Amino acid sequence: MKIYDMLIICLRNLWRRKGRTLLTVIGVVIGSCAVIVMISLGLGMNKAMDSMLSSWGDLTAVTIFNGNGSGMMFVTDDSHYSGNSNKEKPPLNDDALEMLKNIDHVSYVIPKITLSNEMVTLCSGRSDRYRLGWGEIYGVDFSMLEKMGYEIEEGAIPNEHNYKESIIYGNEITYNFRDTKKHGNASMTAKQQLPDGSFTKPFVEPVGGDFKIGINNTKKPNEDGSYPYGGRGYEYKLTGAAVLKQDPNWETPYSIFIDIDLAKEIIESYNRLNGVKKAKAPEYSQVKIVCENIDSVDAVQKAVEDMGFTASSMAQVRSQMQGELGVIQMILGGLAAISLLVAAISITNTMIMSIYERTREIGIMKVLGCFIGNIRLLFLMEAGMIGLLGGIIGTIISYIISFIMNTFAGSAFAQILGFGGDGGEVSIIPIWLVLLALGFSTVIGLISGYYPANRAVKISALEAIKNE
Amino acid sequence: MAFISVKNLRKVYKIGNEKVYALKKIDLDIERGEICCILGTSGSGKSTLLNMLAGLEKPTRGDIFINGTNVAKLSEKKLARFRQENTGFIFQSYNLISQFNALENVGMPLMFKGMPRSKRDKISAKMLKLVGLGSRMKHRPNQMSGGQQQRVGIARAFVAKPNVVFADEPTGNLDTKTTDEVMRLMVRMCRKYNITLILVTHDLEIAGYSDRIVHIIDGEITSIEKNESVYSPEDDEKKESGPDNNTENSEVSEQ
């Protein structure tokens, strides 16, 4: 028997019992709709999670925080921070940097040196009138600024001859300069928007202004607890070069950047001034390792940790959150699967009824020489067709539901699901999901039709010649 | 060996602990092209015999050779192939498929053989014209009279040019006049293509159309008589002799 003929017969039989076919198809439509919508919600959640994580930090980055070197300690949640504190940590110096660069799948590394407020004093104006109250000064490679994703709000990245004479500010930190000639509120400025839309000006000129970094003498603190600073050979004159835009990770607004080589010199001077005896080569306080892609992050992090460093990455957070989301998705998927199971049972039921009705017809076909394989295939086709039809209609309806959710209920759903309604898509239906749904509903149909089809095959040809 | 050879055939049904002998011991030879009538009352075992000849039931004992093939020993799949190539079937209640039109019903055996649609439609149409239903090709069974339906059934039985056609009370649901027409048609088709016809009936009248009548009572053949005054299509031609005596191709008058 030709496949074409079987297809025609199968469609005719479905058409002959339109009402019943329709009801069965509706069952599959509901089931496949439930599955598609649930999975699409899961995908939406994943995407929302990824965009949320990437707003916290680069997903392809592994960051090493140096615990025993100079600079400040980072207090981190343990779950974000896989420490192997028992191990002696190697120094995070230039040699280490070279090794990190050679790990597979590492695109580039961005070292950072932190100069704490204890080590240096940053000031500006005549006789150092304006002094930085609080703020981290970071030594970074100025040529890497763009790769780090920092954008300029005002001014320009200095050219390489001026690296050591330049200083770059975050867009909030300049308000941390205090006027030492005044007291109380008058010694400070706060960033406020004026009626004309512009902002209040800080005491200092972040672009073009002159600044000075003085090294603190921590051996002889002043009466008020601050340190005397500067003096011949312990002062560095700088010019304000640029102000950075606020980055999505909130790294820049309260940061100040100087060139990494200058930062190293400053640390050496500090050690000299304060008589730090066991002065070693300067260590980096933090190294950001950028991987080629998100999938290589785990391997790179593993390699870094094997070298003895303490590293953290968003991938860890991500996989943990994914696990949590996975549980939610499994519950949703399970509910959807139940409705599909009900649909499958209704297909089986429909097919069995159809076979009862067609007992005589099946017998006639056998007497006329139809292969039993063809009869089986005929019924499997019918069941598969119900599944496929349900899958197609279900997909169309799912797209409509998805559209409605994204358009009208996007933020509400997002809030329910715990991700801030950032206007992103709640429900995502990629093409593979469509194909999967169609394939799956067809297979469900075939499986449901298997038992009835075998029943049909077993009907005796004698049934046909029994006289009514 | 004869074209159809039944040897030592027995069929026993078990009903509870009791054995019912539907067929006790049947030996029968039928030649190619013969029209053989199996005549018996209801419960005589004539239908059981037919079912076994057609391979619809397995005998308890014995062999059935049709054209050299032992039908009783064929597997389900080989049986289907055997039916496609060798047998046609005419039923008492026509057994047409209700959602198929006449043309599609006639083409069914060809469809099961895997013949493409255009080719089998051509053959089926020719066959329908032959049985006098050239103008009813697109009609569904429920749009036709009993006689017309049975003619579709006959066309379906003969369409694949089988070696043997089985007919189980083919006129049981028809009135006398139509019975006569249908019987003549069947005989004419058999003679035309030299096809063996095995006819099961309880009606002596119908038996008159056959070459040989096998009387069967309580599962045993009691007598086999040769029918001397057998109907032949030439009789019709002699009676209706006129300028055109090709009744075969002209449409038979309908009731």
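Lettering follows sequence order; numbering is per chain, from 1. Hydrogens, waters and symmetry mates play no part in the numbers below; they use all other heavy atoms, side chains included. Just so it is clear, the model here is predicted, and its values are computed rather than measured.
- Crowding of A:Y356 atom OH: a count of heavy atoms from other residues, nucleotides or ligands under 6.0 Å not exceeding 12.
- Among residues two or more places apart in sequence or in another chain, the side-chain contact (heavy atoms from CB on, under 4.5 Å) test is passed with B:R83 by B:L56, B:L79, B:T87.
- A donor atom on one side chain and an acceptor atom on the other are found under 3.5 Å apart for A:R16 and B:Q99.
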side-chain contact (heavy atoms from CB on, under 4.5 Å) for B:F100 and A:I9? Distances and angles first, verdict last. CA-CA 9 Å; B:F100 284 5; A:I9 291 177; 3.8 Å; yes
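- Looking at every heavy atom in both residues, B:A80 comes nearest to A:C370 through CB-O, 4.0 Å.
- When the heavy atoms of residues 428-453 of chain A are compared with those of chain B, none of the residues falls under 4.5 Å.
- With a 6.0 Å radius and a threshold of 12 heavy atoms from other residues, nucleotides or ligands, B:K58 has its NZ atom above the threshold.
- The line from NZ of A:K2 to CZ of B:R120 is 9.0 Å long, rounded to the nearest 0.5 Å.
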The test is side-chain contact (heavy atoms from CB on, under 4.5 Å); show your working for B:M111 and A:M1 and say whether it passes. CA-CA 6 Å; B:M111 178 171 76; A:M1 215 171 155; 3.6 Å; yes
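- The choice from B:L110, B:I97, B:L96 that makes the most heavy-atom pairs within less than 4.5 Å of chain A is B:I97.
- Here B:E205 pairs with nothing under the salt bridge (charged side-chain N to carboxylate O under 4.0 Å, His left out) rule; sequence neighbours left out.
- Contacts with chain A were tallied for B:E76, B:R117, B:M115; B:E76 has the most, counting heavy-atom pairs under 4.5 Å.
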With side-chain contact (heavy atoms from CB on, under 4.5 Å) as the criterion, how do B:R156 and A:I364 come out once you've worked through the C-alpha distance, each side chain's angles and the decisive distance to 0.1 Å? CA-CA 12 Å; B:R156 184 175 66 183; A:I364 297 168; 4.0 Å; yes
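- A:R360 approaches B:S93 most closely through the heavy-atom pair NH2-OG, 2.8 Å.
- The side chain to side chain donor-acceptor pair (under 3.5 Å) contacts involving residues 327-354 of chain A comprise A:T24-A:T350, A:S354-A:R358, where partners must be two or more places apart or lie in separate chains.
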